[in-house]
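What you see is a predicted model, and the numbers here were worked out from it, not measured in a lab. So that the names make sense, note that chain A is the first sequence line, chain B the second, and so on, each numbered from 1.
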Amino acid sequence: MTNYQSQNYIRISATTITPPVARNYEASMAKLIDVSRCIGCKACQAACMEWNNLRQPVGLFDGTLKNPPDLDPEVWTLMRFAEYEDDKGNLEWLIRKDGCMHCEDPGCLKACPAPGAIVQYENGIVDFISENCIGCGYCLKGCPFNIPRISEVDLKSYKCTLCSDRVAVNLEPACVKACPTGAILFGTKKNMTDWAGERVEDLKSRGYEHAGLYDPPGVSGTHVMYVLQHADKPTIYSNLPDNPRISPTVDFWKGLIKPVSLAGIAAAAIAGFMHWVIAGPNEAQPEDEDAAEHLIEAKAKSPPPPGGGGKPQRTEPVEPPV
Amino acid sequence: MTRPPGALTRNDTVTRINHWITAACFILLTVSGLSMFDPLLYWMSNLFGSGQWARGAHPWIGIVLFVSYTGLVIQFWRDNMWNRDDIAWMKKIDRVLANDEEDVPEVGRFNAGQKFVFWSMALLIPILLITGLIIWQTYFWTWTSIPTQRAGLLIHSLCAIAAILIWIVHVYAAIWVRGSMRAMTQGYVTPGWAWRHHRKWFRSLVATGSNGPRPNVVTRETRE
Ligand code: HEM
Ligand code: SF4
């Protein structure tokens, strides 16, 4: 949302210079969402609205527990509910807190054309700096998780900030603070990974043989991680991608074609200039005017031109039919 | 406008206005588009006031461009039909580039190079329009899937680069062949210019007693 210079940047969108790196060590942080401990109370969703002052207008209730229906410029986190039946016929209620995953390699930042509209702090948080955002929506196309949303009011892009404002002053994100079961934790990425390891062991001992940590390598890991009971099937958690990565189309579009294209444009302009220097302009000469005059005179001496009423003349020096 | 006696109309007033609307749109689109294309060129968005303005104006200008270019296609397509002479002309392109057109086949209203520019743009601009609508966040972001929009962005940028390259060729040709610029600003050319660069076109005008831009009576013989 806003620029917190108390944090170092490690990435800045659409910028070719090196971000300032004088303060060279900050711990990589992460939020751990333990799906197995979530009771779906939405305290985190409410806390997010409260801390960030987001009040989406009241919309339609679609008869499910998911409410509102989707992420929105004013809905930065959303509980998604899925009913899952395993092969033994047991019903499981899988509740996932959806929102920005704060990828280590963020597709939104890669796609963004506006310098400084998306930054990544050294602690790993990916943040949108609204005053630099031009509202093009490239971030939506770059994101492997379908998270950012553009406001129809100010045409700026919004998403979870991981409470970068709170983290900058050593507070945990609002959702973490509000969670009554301890299902959301915040700390260094290392601590969170270690703790997740213990949770996974525990889940396995209780029969969830595929329990695991969701920290997808396709985006070099994320700064929001899940403990999943069924880490082998992320999609059962309301379409959490199996192997998220920046789309190859986006990679290609943002890759070599940019410098090659600009070089091509420059080369075309230079080639034109060189032709001008070597061959020079092509100018009609007095001889051309004379030759043209000749043809016109020859014509004037012959019978009156067609179009003036007569039939078209076929004896004129016109070229053979094609 | 002072127009020398005997001058031939190369482009009439409607065509010229239509052409310059198209040109203005194209330049504005190139400036705003390239500012989003690469960070090195982001400063160009300041020519529109800000990045938001460049982003916001671009698609609207694109729509004007499409309508305007359609007007040019309606006026020019007949004179741009491809024929066998064009191949012969292409084979002598080295002579053309060396400003020595004597043994180059005579050409009608447009030569093969001009026809290439015309048809390339006639292909690229509709593709730019369609992909442009697909990636137009403000109004159409829910109309297509995200993978489609990703492909749309890629195709839009590739086609834009192709169009810009062709546009550079077009502009340079207008600077290089003296008198062409005036043909599109004031609309006329001298008979000598027509004789030198578009002799078949010139013959067809003389044969039918026309002052341009097209022969008076279109017969099989004068069509070229
Ligand atoms: C014909 C109608 C056109 C439409 C509707 C259109 C629309 C768009 C839209 C919606 C964008 C995304 C940014 C934004 O929202 O402004 C865009 C980007 C762009 N457009 Fe167009 N455009 C059109 C024609 C053109 C033309 C003729 C050119 C240049 C020759 C051009 C060059 C570009 C470039 C270079 C980008 C940036 C692509 C990138 O970031 O890689 N566009 N256009
Ligand atoms: S809409 Fe997204 S991609 Fe476009 S400038 Fe804003 S943050 Fe960057």
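- Only the side chain of B:His197 comes within less than 4.5 Å of a heavy atom in chain A; its backbone stays farther off.
- Using a 4.5 Å heavy-atom cutoff, the side chains of A:Lys258 and B:Leu40 are not in contact.
- Panel note: side chain A:Lys299, backbone B:Ala207; a donor-acceptor pair is recorded below 3.5 Å.
- When atom types are taken as modelled, the side chain of B:Arg55 and the backbone of A:Ile134 share a donor-acceptor pair closer than 3.5 angstrom.
- Only the side chain of A:Asn146 comes within less than 4.5 Å of a heavy atom of chain B; its backbone N, CA, C and O stay farther away.
- In terms of heavy-atom proximity, B:Trp176 sits nearest to A:Trp276 at CA-CZ3, 4.0 Å.
- What you find for B:Gly192 and A:Ala292 is that their closest heavy atoms are N-CB, 3.8 Å.
- For a residue to count as touching a neighbouring chain, one of its non-hydrogen atoms must lie under 4.5 Å from one of that chain's; by this rule A:Cys112 does not touch chain B.
- The nearest pair of heavy atoms linking A:Ile257 to B:Phe37 is O-CZ, 4.2 Å.
- Between chain A and the residues B:Val171, B:Ile175, B:Val96, the most heavy-atom pairs under 4.5 angstrom are made by B:Ile175.
- Residue A:Ile278 holds its CD1 atom at 11.0 Å from CG of B:Leu97, rounded to the nearest 0.5 Å.
- Side-chain contact between B:Leu41 and A:Leu262 is present, with at least one heavy-atom pair separated by less than 4.5 Å.
- Looking only at side-chain heavy atoms (C-beta outward), B:Gln149 and A:Leu140 stay at 4.5 Å or farther from each other.
- Between A:Leu295 and B:Phe202, the closest side-chain pair of non-hydrogen atoms falls below 4.5 Å.
- With contacts defined as side-chain heavy-atom distances shorter than 4.5 Å, the pair B:Trp141/A:Arg149 qualifies.
- Between A:Thr15 and B:Tyr42 there is no side-chain heavy-atom pair separated by less than 4.5 Å.
- When the shell of 6.0 Å around CG of A:Leu60 is examined, it contains 12 or fewer heavy atoms from other residues, nucleotides or ligands.
- For the residue pair B:Thr138 and A:Leu155, the shortest heavy atom distance occurs at CG2-CD2, 3.8 Å.
- Looking only at heavy-atom pairs under 4.5 Å with chain B, the residue among A:Pro113, A:Ser261, A:Pro281, A:Gly280 that has the most is A:Pro281.
- Put simply, the side chain of B:Arg150 never gets that close to the backbone of A:Val250: no donor and acceptor are under 3.5 Å apart.
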